[in-house]
Amino acid sequence: TNAKHKRSVAIELYEVAFGYKGLQIQLFYTAGNLSTLFKVKYSSKVTETFDCVEPDEVEGKIREIIPAGFTCNTDDFVSLLEKEANFKPFGTLLHTYTVHSEEAGDLTYQIHKADITCPGFQEYHERLQTFLMWFIETASFIDADDDRWDFFLVFEKYNKDGETLYATVGYMTVYNYYVYPDKTRPRVSQMLILPPFQGEGHGAQLLEAVHRFYCSLPKVQDITAEDPSENYVKLRDYVLVKLCQGMSSFAADKLHLGFSADMAKEAQDKLKINKKHARRVYEILRLRATDMSDEEKAREYRLEVKKRLFGPYRKNQRELAKMRKCLRPEELVSHMGQMDTQTQHEELEKSYQVVVEEYRRIIERLATQA
């Protein structure tokens, strides 16, 4: 149920459960406070007494995930819906933005920063993090009691029947690691935009707001991510290019000179971007500034990107040189087969084409947002 039009979000779970006929697992969350209604319905189920088998433990498994305080009574849930007008976002307001909708016009969104000391936030977060289990396959809960966690929350602010209401849109968790001697390295751990709001640019707004927040803190060394997914890397590339494109070191007339120490330093100092990510930003901006129909310019760009992509292959060659000294001839042949030069060149070209295709999509997105 789209939270923009009703005050609750319904979760439909699609799993195979053995031993039930007409099984329905119903989970409803109020859009703001995420108060929860949980029901399991079925017309019949197998029994150990008559069928000699046990049905899957469905209800118990879900009860392990959703925190205490949920209701199984529809009337009680309706009364909780009526209290949604009392819900206010947690923490400090960082950013407000609008998204245009053909149906509803301009919709207003807010990004807040909270921590575990905010009154009521711990219980809210316990409800919020259950969405990870429904929508991210490898997700796990965090130990939110650790005060090094920062939480960034996205809410839609809307009016209904003359009342101002808030709907939960998504969130991000960031852990502040210590860096010797007196710095911290914020690492993005989890990020989720709820399905009704996906594809509207909220992820980019959230990530940019988080970057801007940490950029304002002198003690921050750089901002990283824990085991980022492909989609997260694409999102990060887009946001970092957007942030860096106005910097003097990334000016169009400097891009053809190659990735420079000035680029790495300015990205680090002003935006807490590490050298590896700054290099990708440079490659995207250089592609945008390069006439790829000019054979010589296209060749220069291709060699520049492949020089970075060749890193892992170069490492393999160094390992092979070491192997020559200590492996018997027959062992060496088997390893050399894995590192065939022709195969390396083919893989390198394939990697280059994939990277350039990703970069082009980012450039197209930047052009539509300009």
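When a residue number appears, it is its place in the shown sequence, counting from 1. As the structure is a computational prediction, the values presented were derived from the model and not from experiment.
Note on Lys160 versus Glu84: no salt bridge recorded, every NZ/NE/NH1/NH2 to OD/OE distance being 4.0 Å or above. The pair Glu346-Lys350 does not count as a salt bridge, with every side-chain nitrogen at least 4.0 angstrom from each carboxylate oxygen. Ion pairing between a basic and an acidic side chain is recognised when a charged N comes within 4.0 Å of a carboxylate O; Asp291 and Lys297 show no such pairing. Note on Arg63 versus Glu59: salt bridge recorded, some NZ/NE/NH1/NH2 to OD/OE distance being below 4.0 Å. Under a 4.0 Å N-O distance rule, the pair Arg288/Glu283 does not qualify as a salt bridge.
Enclosure of atom OH in Tyr175 by more than 12 non-hydrogen atoms of other residues, nucleotides or ligands within 6.0 angstrom is indicated. Other residues, nucleotides and ligands contribute at most 12 non-hydrogen atoms within 6.0 Å of the NZ atom of Lys276.
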Can you check side-chain contact (heavy atoms from CB on, under 4.5 Å) on Tyr238 and Gln369, steps first, answer last? CA-CA 11 Å; Tyr238 166 74; Gln369 299 295 319; 3.1 Å; yes
Step by step, would you call His345 with Glu347 a side-chain hydrogen bond (donor to acceptor under 3.5 Å, both in side chains)? CA-CA 5 Å; His345 283 303; Glu347 287 298 314; over 6 Å; no
Before giving the answer on side-chain contact (heavy atoms from CB on, under 4.5 Å), spell out for Val40 and Tyr20 the whole-Å C-alpha distance, their side-chain angles and the decisive distance to 0.1 Å. CA-CA 11 Å; Val40 176; Tyr20 297 88; 5.6 Å; no
Evaluate the side-chain hydrogen bond (donor to acceptor under 3.5 Å, both in side chains) criterion for residues Thr117 and Asp115: first the C-alpha distance (whole Å), next the side-chain angles of each, then the deciding distance (0.1 Å), finally the verdict. CA-CA 5 Å; Thr117 64; Asp115 59 51; 2.3 Å; yes
Go through Thr164 and Asn159 one step at a time and tell me if the side-chain hydrogen bond (donor to acceptor under 3.5 Å, both in side chains) criterion holds. CA-CA 5 Å; Thr164 299; Asn159 293 305; 3.2 Å; yes
Working for side-chain hydrogen bond (donor to acceptor under 3.5 Å, both in side chains), residues Gln353 and Glu357: CA-CA 6 Å; Gln353 294 297 341; Glu357 188 56 38; over 6 Å; no
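Test Tyr109, Phe155, Tyr171, Phe152 against His202 for ring-ring contact (aromatic ring centres under 6.0 Å, His included) and you get one pass: Tyr109. Looking at Tyr301, Phe259, Tyr359 one by one, the single match for ring-ring contact (aromatic ring centres under 6.0 Å, His included) with Tyr282 turns out to be Phe259. For the pairing with Glu208, the side-chain hydrogen bond (donor to acceptor under 3.5 Å, both in side chains) check across His211, Gln205, Arg212 returns one residue only, Arg212.
Atom NZ of Lys254 is separated from atom CE of Met263 by 8.0 Å, given to the nearest 0.5 angstrom. Taking OG1 of Thr168 as the start and CD1 of Ile193 as the end, the distance is 11.0 Å to the nearest 0.5 Å. Distance CD/Glu57 to CZ/Phe18: 14.0 Å, rounded to 0.5 Å. With rounding to the nearest 0.5 angstrom, the CD1 atom of Ile284 is 11.5 Å from the CG atom of Leu255. Distance CD1/Ile65 to CZ/Phe38: 9.5 Å, rounded to 0.5 Å. The distance from the CD1 atom of Ile62 to the OG1 atom of Thr36 is 12.0 Å, given to the nearest 0.5 Å.
Heavy-atom minimum distance, Ala104 versus Leu107: CB-CD2, 3.8 Å. Between Met191 and Leu235, the shortest heavy-atom distance links the atoms CE-CD2, 3.6 Å. The shortest heavy-atom contact between Ser35 and Leu80 is CB-CD1, 3.8 Å. Closest approach of Leu206 and Met172 over heavy atoms only: CD2-CB, 3.9 Å. Between Phe28 and Gln26, the shortest heavy-atom distance links the atoms CE1-CB, 4.0 Å. Taking both residues in full, the closest heavy atoms of Ile273 and Ala278 are given as CG2-N, 3.6 Å, listed atom of the first, atom of the second, then distance.
Side-chain contact between Leu192 and Gln129 is absent, with no heavy-atom pair separated by less than 4.5 Å. Side-chain atoms of Lys307 and Phe310, non-hydrogen and from C-beta on, never get closer than 4.5 Å to each other. Counting only heavy atoms from C-beta outward, the side chains of Leu287 and Val356 approach each other to under 4.5 Å. A heavy-atom distance below 4.5 Å is not found between the side chains of Met133 and Thr130. Contact check for Leu153 versus Val169: no side-chain heavy atoms found under the 4.5 Å cut-off. A 4.5 Å side-chain heavy-atom check between Trp149 and Ser189 finds at least one atom pair inside the cut-off. Looking at Cys244 and Leu271, their side chains come closer than 4.5 Å, going by heavy atoms from C-beta outward. Counting only heavy atoms from C-beta outward, the side chains of Tyr158 and Thr108 never approach each other to under 4.5 Å.
Hydrophobic clustering (side-chain heavy atoms under 4.5 Å, transitive across Ile, Leu, Val, Met, Phe, Trp, Tyr) keeps Leu93 apart from Tyr97. Taking hydrophobic clusters as Ile, Leu, Val, Met, Phe, Trp and Tyr residues chained together by side-chain heavy-atom distances below 4.5 Å, Leu27 does not share a cluster with Val78. Linking ILVMFWY side-chain heavy atoms closer than 4.5 Å, directly or via other members, places Val354 and Ile362 in two distinct hydrophobic clusters. Both Met292 and Val305 are assigned to one and the same hydrophobic cluster, defined by single-linkage of ILVMFWY side chains at heavy-atom distances under 4.5 Å. No path of Ile, Leu, Val, Met, Phe, Trp and Tyr side chains, each step under 4.5 Å between heavy atoms, connects Val174 with Val179, placing them in separate hydrophobic clusters.
Looking at Thr30 and Lys83, their side chains never bring a donor and an acceptor atom within 3.5 Å of each other.
Remark: Arg187 qualifies as a cation-pi partner of Tyr177 under the 6.0 Å distance and 45° angle criteria applied to the six-membered ring. For the pair Lys157 and Tyr166, the cation-pi test (distance below 6.0 Å, angle within 45°) is failed.
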Could you tabulate the donor-acceptor pairs under 3.5 Å formed by side-chain atoms of residues 217-234, not counting sequence neighbours?
unit_1, atom_1, unit_2, atom_2, d
Asp222, OD1, Arg185, NE, 2.6
Asp222, OD2, Arg185, NH2, 3.4
Ser229, OG, Tyr232, N, 3.1

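Separation of the His125 and Phe151 ring centroids falls under the 6.0 Å cut-off.
No donor-acceptor distance shorter than 3.5 angstrom exists from the side chain of Thr96 to the backbone of Gln110, with no hydrogens or angles considered. No donor-acceptor pair under 3.5 Å is formed between the side chain of Tyr180 and the backbone N or O of Lys183. Between the side chain of Asp146 and the backbone N or O of Arg148, at least one donor-acceptor pair lies under 3.5 Å. Judged purely by atom type and a 3.5 angstrom limit, Gln190 uses its side chain to pair as donor or acceptor with the backbone of Ser140.
With sequence neighbours excluded, no residue satisfies salt bridge (charged side-chain N to carboxylate O under 4.0 Å, His left out) with Arg302.
The aromatic rings of Phe121 and Phe90 sit perpendicular to each other, their planes meeting at more than 60°, with 30° as the lower class boundary.
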